[in-house]
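These values consider heavy atoms only, across backbone and side chains, with no hydrogens, waters or symmetry-generated copies. Since this is a predicted model, take the numbers as computed values, not measurements. Sequence lines set the chain letters: A, B, ... in the order given, protein chains first and strands last, and positions in each chain run from 1.
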There are 2 protein chains.
Amino acid sequence: MTTPIRFELIKTCRQTGARLGILHTPHGSFETPMFMPVGTLATVKTLSPEELKTMGAGVILSNTYHLWLRPGHDIVAEAGGLHAFMNWDRGILTDSGGFQVFSLSEFRRIEEEGVYFRNHLNGDKLFLSPEKAVEIQNALGADIIMAFDECPPYPATYEYMKQSIERTSRWAERCLKAHRRPNEQGLFGIVQGGEYEELRRQSARDLVSLDFPGYAVGGLSVGEPKEVMNRVLEFTTPLLPADKPRYLMGVGSPDSLIDGAIRGIDMFDCVLPTRIGRNGTVMTSEGRVVIKNAQYARDFSPLDPNCDCYTCRNYTRAYIRHLIKCDETFGIRLTSYHNVYFLIKLMEQVRQAIREDRLADFREEFFECYGFNKPNAKNF
Amino acid sequence: MTTPIRFELIKTCRQTGARLGILHTPHGSFETPMFMPVGTLATVKTLSPEELKTMGAGVILSNTYHLWLRPGHDIVAEAGGLHAFMNWDRGILTDSGGFQVFSLSEFRRIEEEGVYFRNHLNGDKLFLSPEKAVEIQNALGADIIMAFDECPPYPATYEYMKQSIERTSRWAERCLKAHRRPNEQGLFGIVQGGEYEELRRQSARDLVSLDFPGYAVGGLSVGEPKEVMNRVLEFTTPLLPADKPRYLMGVGSPDSLIDGAIRGIDMFDCVLPTRIGRNGTVMTSEGRVVIKNAQYARDFSPLDPNCDCYTCRNYTRAYIRHLIKCDETFGIRLTSYHNVYFLIKLMEQVRQAIREDRLADFREEFFECYGFNKPNAKNF
């Protein structure tokens, strides 16, 4: 089988083992490690496609579950697929819908065939299976699509997790069989197994034997401590083929992006930059800024003195604070723009550090400046 | 007194008497008749300054009352004025705050000195007078500022209106005296008088004798029938000096823009395009489109087949409907962009028709296509 997704490994950081690569997709090639902004409902919240391109975003993530419910994958397919529908001509990855079934639905019943659950919008009964998740993703037409998996909560018992990963492996095989556009869309497998090394090993072995064009590490960033995530990555990424891309799902805080890259991860996604932006919180090189705070009312400096983004070049903290306090949409455009830009540029810096074999040094400098080294440091 | 605002009359339409002109301000010169998008809180809702420039917006309006309350005119002044604060280097006009005092406040008491009222946000007692309104506007630093007037409701009795315009004339004189930046900001007088020709005549005579650099017609678009507005304009604009700009406050429906231009108006402003855009209603050459309607779910054509704006060049009705239905900010960006563009381009067409001495013909063609000629036609 030819795959439309190809990973080119350029070099490995001598200081950390982090990988510099290029991901080739039907909609362009992009350097890794990289951060994918999230466009759940076929829009990266508040931002235009042109703005995302200006920032250097090469791939975005959209959510199968949400697009299935609204507007419906049939409408997206009629529009000519997700790229045409939302006017985005670069890469798109869609998740499988599994994560939302487990995180958004209060009621659900997992069977071998698939999962029965209720729509979070109106309570309608729905059913999602490996075949259905792939059918929807084939209709949406993203460059990268994801196998339908169970994402168990943290913590979960060893026994539960073992049954879960075995079913997820069987589902992965069914996804491959159901995939109708293998020459246009690359289907990635998802390694699960929680914090259990033996189960991660078993899950990785099962999935690698199925020869996916790429692999995700799932079931992390679901509430476990950062140390657990890093430890799991340390024993999991070496189990994955070096010539294929590795995607850590749902991770987007600056520290975890760097720590993930150090542990061999190439791709990340997270709603963090747009979600906190909508609340008026921004990431800066000197740490978090909560722009609503009174101290910024007369602060005529940019959000981040070291940032050259559109927001920082043109607007002050005082102005952005005013907009956010007044619930003005342009305010959340400016904070969202800055935050997404911040993570995309952070990954540029990470790639540069890999090139220079100094990612551990870069990590130390960045953590110190951001405040991650402080006791009781916040997550982002 | 030198004035920073100068109106250059280019030609008059032989078919209608409409005026083609150029308005010179400290922040650029712009052709008239023109439409000013409204940026109440130092932002034209959802849109960036660059987007407004791309559309051809030369002047925007901001609201004194709102900026006085949030963030405070002192903060805007510290930022270097409204242009610097919001990153807009073209013209700005600020209203006097009077209209909001009368429309937003349930409690108010008018005295000769000024108006006592309660802040619509938190109920605090406030006082606005001619001197205070000018002081705030001097601090905000717009190119054009407005005299503090009373905007009586429609209908009002002749007796009430007569007392009101006489007080408004006295207030206008006080505004002129209070104005501290006459070489940088042009102060416009506002003609009131409701539907009473005699009172409009008296108000215009009072204000013209004070020699303002421009005149507004106030107290229209406050609930009266369109026929009343047009009749009032017909006898009011001839009372104003031909060599100065005439501004019809708060008017923005396509029919009224054309009808106002025909009656000698040069400037208009209205929240209409952004307000209806936020509800998913758009103006098109073929009439109103309420994009939430089910009929557009699979409509892959642009909002307006005859429009070349960013929205219409890149997005379909189906996509925009999806965004609006999902409360996605990018949806209201797209509808707001289109609607503001629509009115700015409509004024370009009006100016072209004046150039060609055919504004009455253009009016007929536009009304027919838009549906204004139908029985029970909607307002916009």
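- With rounding to the nearest 0.5 angstrom, the OG1 atom of A:T43 is 11.5 Å from the CD1 atom of B:I320.
- Taking each heavy atom of B:L47 and A:F330 in turn, the nearest pair found is O-CD1, 3.8 Å.
- Residue contact with chain B, scored on non-hydrogen atoms closer than 4.5 Å, is absent for A:L69.
- With a 4.5 Å cut-off on non-hydrogen atoms, A:A84 does not touch chain B at all.
- Within 6.0 Å of the CZ atom in A:R90, the count of heavy atoms belonging to other residues, nucleotides or ligands exceeds 12.
- Within a 6.0 Å sphere centred on NZ of B:K53, other residues, nucleotides and ligands contribute more than 12 heavy atoms.
- Between A:F300 and B:I75, the shortest heavy-atom contact is CZ-O, 3.6 Å.
- More than 12 heavy-atom neighbours from other residues, nucleotides or ligands sit within 6.0 angstrom of CZ on B:R118.
- Sorted by first and then second residue, the pairs that involve residues 317-329 of chain A and meet side chain to side chain donor-acceptor pair (under 3.5 Å), not counting sequence neighbours, are A:D299-A:R317, A:E328-B:K45.
- A:I332 touches chain B through its side chain: at least one heavy atom from C-beta onward sits under 4.5 Å away, while N, CA, C and O do not.
- Only the side chain of A:R333 comes within less than 4.5 Å of a heavy atom in chain B; its backbone stays farther off.
- In this structure, chain B has no heavy atom under 4.5 Å from any part of A:T40.
- Nearest approach of B:Y315 to A:E50, heavy atoms of both residues: OH-OE1, 4.0 Å.
- The stretch residues 276-283 of chain B places none of its residues near chain A, where near means some heavy atom under 4.5 Å from a heavy atom of that chain.
- Listed options B:T316, B:D74, B:L334, B:V44 were ranked by heavy-atom pairs under 4.5 angstrom with chain A; first place goes to B:D74.
- Taking chain A as the reference chain and counting heavy-atom pairs below 4.5 Å, the highest number among B:A318, B:S48, B:A42 is found for B:S48.
- Using a 4.5 Å cut-off between heavy atoms, A:L323 touches chain B through its side chain atoms alone.
- At a 4.5 Å heavy-atom cutoff, the contact between A:F85 and chain B is made by backbone and side-chain atoms alike.
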